[in-house]
Amino acid sequence: MIYSNYHTHSQYCDGHMEPEDYIKEAIRLGFDSIGFTSHAPLPFYNTYTLKEERVQEYCHEIRYLKEKYRDIIQVYLGKEIDYIPGIMGTDSPKFKSLNLDYTIGSVHLIRNTATGEYIGVDESREEFEKLLDYVFGGDIKKLVSEYYSLIRNMLKEHKPDIIGHLDLLKKNNKEGRYFSENEEWYREEVLKTLTEVENSGAVLEVNTGGISRGYIDTFYPSIWILKECKELGIPIVLNSDAHNPCDLNTYFEPAAKALKDIGYNKQRRLFKGKWVEI
Ligand SMILES: [Zn+2]
Ligand SMILES: [Zn+2]
């Protein structure tokens, strides 16, 4: 099986090492393609996204590397773009004007309506509890419902090529600390969201990043969700959300096996700039 990875961060945002280091490692691993997806700048100060003033430099460097390695590996320029209602998403004009090869649409942030600050659902457990207690009065159902409705709205308003880590909010839910994925209300939220995923035509990412960084012991999304996706005919792509070249293919073998067991024999990949089933 020939792999690829379209979810890659580097020193341009919160990853380590230069883009070229990732390309060299991808070639060593026998990948046929690699895509870069620095976190798009956010409308507030933070330490983990690309800085506004480096956006052009980032695009220029990836395009330069695309040309440099064109006979060895396909290199693609993308961005992981947060959805913030009324403020930004993958189809915002400022991102459209960059002529990216593709986008990953992700929801990381929920707004604290009282303070106006944004809190990441994938931040530390302390931050997650702050979000749960201060914004949702300790009601996990309300938090989960808000998270998935943000994803559904993202898919109605924007057209990302890839949907990033669909159930990211489970990162802090190790061993069912806050809820069980078997609970009816949780399954209903997810299934409602999958209908929107299906309608959007976007590719659903199977993301091994949570395992490789030791937060959770399964993929985003969970196996039961992937089984539902298979039933609905939703296309997938396997990514590792690498923040270091050594994580480019982390857990790809077990993920590929799990996907084959579910019945996925193909994934959606970029070939000469077009999405194809491979
Ligand atoms: Zn992400
Ligand atoms: Zn990412």
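When a ligand or atom number is given, it counts from 1 through the structure's own listing order.
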Decide salt bridge (charged side-chain N to carboxylate O under 4.0 Å, His left out) for Glu184 and Arg187; before the verdict, give the C-alpha distance in whole Å, the side-chain angles of both, and the deciding distance to 0.1 Å. CA-CA 5 Å; Glu184 198 56 35; Arg187 299 181 80 91; 5.7 Å; no
Step-by-step side-chain contact (heavy atoms from CB on, under 4.5 Å) determination, Tyr58 to Cys13: CA-CA 10 Å; Tyr58 165 73; Cys13 53; over 6 Å; no
Sort by chain and number the protein N/O/S atoms that are closer than 2.8 Å to the Zn ion (ligand 1), and list them. Glu80 OE2, His108 NE2, His165 NE2
Has His243 got an N/O/S atom less than 2.8 Å from the Zn ion (ligand 2)? no
Summary of side chain to side chain donor-acceptor pair (under 3.5 Å) pairs that have at least one residue in residues 190-203, sequence neighbours excluded: Arg152-Thr193
Would you call Glu129-Arg125 a salt bridge at under 4.0 Å N-O? yes
Is any side-chain heavy atom of Val55 closer than 4.5 Å to one of Lys94? no
Stepwise, does the side chain to side chain donor-acceptor pair (under 3.5 Å) test hold for Tyr6 with Glu205? CA-CA 9 Å; Tyr6 300 118; Glu205 165 184 79; over 6 Å; no
